[in-house]
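Inspection log for the structure reproduced underneath, given as C-alpha cells.
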Amino acid sequence: MAIAQESDRSQKANGHHPNENANANNDSTTPLSEAPFLNHDISTENIAAACKELIAIVGSDNVTSDQEILRAHSSTIWSPCPPSQTPALVVLPQSTPEVSEILKICSRRRITCYGYCGGTSLAGALNATRGGICIDFNRMQKIVAIHAEDMDVVVQPGVGWQELNAVLEERGLFFPPDPGPGARIGGMISQNCSGTNAYRHGTMRKWVISMTVVLADGTIVKTRNRPRKSSAGYDLTGLIVGSEGTIGMVTEAVLKVTSVPKNQHVVVAAFPSTHEAVKAAIALIQHGLPIDALELLDQNSMNAINRSGFSSQHWEEKPSLFLKISGFNQAVQEQLDLARESAVENSCEDFLILSGKNDVRVAWEARKQVAPSMQAMKQDPSDLFLNTDAAVPIGSLASMIDWTNGMVGEAGLHGCTLGHVGDGNYHTAIVCPKQDEDAARDIILRVQRRAIELEGTVTGEHGIGLKLRDLLVEEVGDNAVDMMRKIKLALDPQCILNCDKVMRME
C-alpha cells in the first residue's frame with residue numbers, strides 16, 4: 001500500500017494523475033472520426049472454437065451453421081440483405097444465464113452477435129454486417145408470471161404479442177402494442193414499436209416497466225423492480241427501449257397490461273379523396289375524442305386488400321378511415337355521432353359501423369393485412385417492396401400525403417399510402433420491378449427529408465437499423481448521434497452487439 005501511495009505521489013509530482021490513462025478521453029461525445037478501431041475476429045478458426053463452447057452451453061441441437069437457416073435469420077421479404085451479411089452461426093439459448101455465457105464467449109473472442117425474435121423488422125435490423133453469431137430467442141417463449149391484481153405480466157423475449165393477448169383475454173386483460181403480425185416482445189422493445197393502438201395507448205416504451213438485460217460482456221442487469229413509477233436512479237429501462245439491440249440483449253420483461261376494451265365498435269368511413277379523409281381525421285383529433293385507433297388506407301390500399309384475398313370481406317376501393325371505439329354505451333354513441341359529423345363535413349360517402357365481435361375482428365384484420373397485400377402485388381419474385389415510416393406534426397399531414405402520392409403517381413409507380421394518422425405517422429409502400437428501383441428510392445428519400453424539414457422524423461416506429469443511419473444525423477444532428485455513439489461504446493466497447501446499426505462506427 002505504501003509503495004502504491006508513493007507511486008501516486010510521484011506521478012502527481014510529475015504532472016500526471018494516476019488515473020489519467022483510464023480517462024484519457026474526457027469528451028462527452030464520440031465523433032465518428034474518433035471512434036476506435038474495431039478489432040473483431042470472425043475467422044473460421046475462431047468461429048469453430050466458439051461453436052464448441054456454445055454447444056457445451058446449449059447443446060448441439062441448438063447451434064447450427066445450416067446455410068438456409070442462416071439466411072432466414074438475416075434476410076426476409078420485409079428486409080432483404082446480400083448473402084455477405086449472413087451470420088456464421090445461429091444459437092438458441094433457453095435462459096438468461098445461457099445468454100450471459102454466450103455473450104461472455106463473444107466478448108472474449110471478439111465475435112459480433114445479433115439478436116433475433118420474430119424477424120419482422122423493416123429497417124435492416126437483422127443484417128449481419130460483420131458475420132458473427134445470431135442469438136435466436138425462440139426457445140425463450142415463456143409467460144413467466146401474470147400479476148392480475150397488479151396489472152402486469154413477466155415474459156421472455158420470444159413471446160409474441162398476439163399469443164400474449166390470447167392468454168390475457170381469458171383473464172379480462174389486454175396488452176395494447178400491436179405491430180405487424182409475428183412480432184415478438186424482444187424485438188418490440190428493441191425497436192420501440194407501436195401499431196394501430198398507439199393513438200390512444202402510446203408506444204411500446206409506455207408499456208415496459210422493467211427488464212432483465214445482458215450486456216456485451218455477459219453482465220446481467222435488472223433495470224428496476226415492478227412498481228408503476230420510480231425515480232430510483234437513471235432510467236435504464238428507457239435507455240434500452242428503442243436501442244435496437246446495440247447496447248444489451250433483453251432476456252425478460254415486466255409489461256403493463258390494461259383491461260380488455262369493452263363494447264368495441266369499428267367504423268369504416270369512405271371518402272372521395274385521400275385529402276378529405278385526412279382532413280376528417282385531423283378534425284377528429286382536434287375534437288379530442290378518446291378513440292382507440294385512427295387509421296388511414298388510401299384507394300390503392302383497399303384495392304390491394306381485395307385483390308389479395310387476405311380479407312374475408314370485400315371493401316369499397318376508396319380512401320378510408322378505420323376507427324376503433326370502445327367504452328360504455330353512452331360514451332361510444334357520443335363518439336360515433338361526433339365521428340359521423342366530422343366525416344360528413346368532409347364529404348364522407350359511406351359510414352359503416354361494425355359492432356359484432358366477428359365483424360370487428362374482420363374489419364381490423366383487413367387493416368393489418370395491407371402490407372402483406374402489397375407484397376402479394378409483386379408481379380415477379382425479384383420485385384422490390386420499399387416503404388417509408390415518416391411521422392410529422394398532424395397539421396402538416398394532409399399536405400404531406402398529397403405531395404407524396406403526387407410523386408408516386410408522376411413516376412408511374414404502383415404504391416399505396418396508409419398509416420396511423422392519429423399520431424401523424426404514415427407509410428408509403430411502393431412495389432416495383434428492379435429497373436424502377438432508383439426512381440422509387442428517390443421518392444422514399446425525398447419523403448424522409450421532407451419529414452425532417454417539417455420537424456418530423458424519418459421513423460415513427462420501425463427504427464433506424466442499417467438503412468436510416470445517415471438520415472438520423474440529418475434529423476437530430478451530429479452532436480446527438482455522437483452522444484449515442486459514446487453511450488454505445490461505454491456499454492459495448494468492442495462494438496460486438498448489432499454493430500453498424502443506428503449509427504456508423506467506422
Side-chain angles (χ1 to χ4, degrees), residues 92-99 115-120 135-214 220-230 232 235-243 245 248-262 264 292-293 324 326 361 364 368 461:
L92 290 90
Q94 200 171 23
S95 66
T96 296
E98 286 186 357
V99 175
Y116 180 96
C117 284
T120 59
I135 301 176
D136 183 337
F137 289 98
N138 278 289
R139 287 179 69 220
M140 297 179 67
Q141 296 187 6
K142 292 179 182 176
I143 298 175
V144 179
I146 298 176
H147 304 120
E149 291 185 356
D150 298 329
M151 303 288 281
D152 70 50
V153 297
V154 184
V155 300
Q156 291 185 319
V159 173
W161 67 270
Q162 293 157 299
E163 292 78 10
L164 175 60
N165 270 326
V167 173
L168 292 176
E169 187 176 15
E170 298 173 1
R171 301 175 183 232
L173 300 173
F174 174 60
F175 178 65
D178 64 329
R184 300 181 183 277
I185 297 301
M188 293 166 66
I189 291 173
S190 175
Q191 305 300 117
N192 186 29
C193 78
S194 49
T196 65
N197 291 328
Y199 175 58
R200 179 168 183 178
H201 295 288
T203 67
M204 187 71 181
R205 187 182 305 279
K206 180 178 176 181
W207 295 90
V208 183
I209 295 174
S210 69
M211 62 184 80
T212 300
V213 183
V214 182
I220 299 171
V221 175
K222 183 179 178 182
T223 59
R224 53 175 279 195
N225 286 326
R226 286 198 300 119
R228 286 298 180 105
K229 60 186 290 189
S230 171
D235 182 8
L236 299 179
T237 304
L239 177 64
I240 297 298
V241 176
S243 62
M249 292 198 174
V250 178
T251 58
E252 191 170 281
V254 181
L255 308 173
K256 297 178 190 176
V257 294
T258 187
S259 299
V260 170
K262 306 292 194 301
Q264 199 162 67
D292 290 357
K324 196 189 295 181
S326 65
R361 179 187 60 79
W364 216 253
K368 301 293 283 187
E461 59 183 1

### Message
What I'd like to find out is whether the side chain of Asn225 reaches to under 4.5 Å of the side chain of Ser230, using heavy atoms alone.
### Response
no
#### Entry: Val99 side chain near Phe137 side chain, heavy-atom distance below 4.5 Å
yes
### Task
Could you tell me which non-hydrogen atom of Ala293 sits nearest to which non-hydrogen atom of Trp364, and how far apart they are?
CB-CZ2, 3.5 Å
### Message
Are the side chains of Thr203 and Val241 in contact, using a 4.5 Å heavy-atom criterion?
### Response
no
### Query
Any side-chain heavy atom of Val208 sitting closer than 4.5 Å to one from Leu255?
yes
### Message
Test of understanding: with side chain to side chain donor-acceptor pair (under 3.5 Å), list the residues that count as partners of Gln141, not counting sequence neighbours.
### Response
Asn138
### Task
Any pair with a residue in residues 176-198 that passes salt bridge (charged side-chain N to carboxylate O under 4.0 Å, His left out), sequence neighbours left out, goes on the list, sorted by first then second residue, please.
Asp178-Lys368
## Note on the structure
Taken in chain and number order and not counting sequence neighbours, the residues that satisfy salt bridge (Lys or Arg N to Asp or Glu O under 4.0 Å) with Asp150 are Arg226
### Query
Taking atom CE of Met188 and atom SG of Cys193, what is their separation to the nearest 0.5 Å?
4.0 Å
### Query
Quick one: CD1 on Ile240 to CG on Asn192, what's the gap to the nearest 0.5 Å?
12.5 Å
### Partner of Val153 by side-chain contact (heavy atoms from CB on, under 4.5 Å), out of Ile146, Val159, Ile209
Ile146
### Message
Using side-chain heavy atoms (C-beta onward) and a distance below 4.5 Å, is Gln162 in contact with Pro181?
### Response
yes
### Which atom of Ser326 lies closest to which atom of Pro261, heavy atoms considered
OG-CB, 3.7 Å
### Query
Are any of the side-chain heavy atoms of Ser259 and Met151 separated by less than 4.5 Å?
yes
### Task
Indicate yes or no for a side-chain donor-acceptor contact from Thr223 to the backbone of Met211 under 3.5 Å, with no hydrogens or angles considered.
yes
### Task
Taking all non-hydrogen atoms of both residues into account, name the closest pair between Ser190 and Gly245 and its distance.
OG-N, 3.2 Å
Report, one line per pair, each donor and acceptor closer than 3.5 Å where one atom sits in a side chain of residues 165-177; sequence neighbours left out.
unit_1, atom_1, unit_2, atom_2, d
Asn165, OD1, Phe175, N, 2.7
Asn165, ND2, Phe175, O, 3.0

#### Entry: Pairwise salt bridge (charged side-chain N to carboxylate O under 4.0 Å, His left out) hits with a residue in residues 201-210, at least two apart
none
### Query
Please, which pairs that meet salt bridge (charged side-chain N to carboxylate O under 4.0 Å, His left out) have at least one residue in residues 190-203, sequence neighbours excluded?
Arg200-Asp292
### Task
Output all residues satisfying salt bridge (Lys or Arg N to Asp or Glu O under 4.0 Å) with Asp136, sequence neighbours left out; order by chain, then residue number.
none
### Arg361: partners by side-chain contact (heavy atoms from CB on, under 4.5 Å), with sequence neighbours left out
Asn358, Glu365
### Task
Output every pair passing salt bridge (charged side-chain N to carboxylate O under 4.0 Å, His left out) with a member in residues 138-147, not counting sequence neighbours, ordered by first then second residue.
none
## Note on the structure
Those residues at least two apart in sequence (or on a different chain) that pass side chain to side chain donor-acceptor pair (under 3.5 Å) with Gln191 are none
### Message
What's the separation between atom NZ in Lys222 and atom CD in Glu252, rounded to the nearest 0.5 Å?
### Response
8.5 Å
### Query
Checking side chain to side chain contact (heavy atoms under 4.5 Å, CB included) for the pair Leu164/Ile143: CA distance, chi angles, key distance, verdict?
CA-CA 8 Å; Leu164 175 60; Ile143 298 175; 3.8 Å; yes
### Message
List the residues meeting side chain to side chain donor-acceptor pair (under 3.5 Å) with Lys324, not counting sequence neighbours, and say none if there are none.
### Response
Asn197
### Message
If you compare all heavy atoms of His147 against all heavy atoms of Val154, which two are closest, and at what distance to 0.1 Å?
### Response
CE1-CG2, 3.8 Å
### Summary
Taken in chain and number order and not counting sequence neighbours, the residues that satisfy side chain to side chain donor-acceptor pair (under 3.5 Å) with Ser243 are none
### Query
Do you know which two heavy atoms are closest between Ala253 and Ile189, and how far apart they sit?
CB-CD1, 3.7 Å
### Task
Report yes if the side chains of Asp235 and Arg224 come closer than 4.5 Å at any heavy-atom pair, otherwise no.
no
### Query
Quick one: does Gln156's side chain have a donor or acceptor within less than 3.5 Å of a partner on Val144's backbone?
no
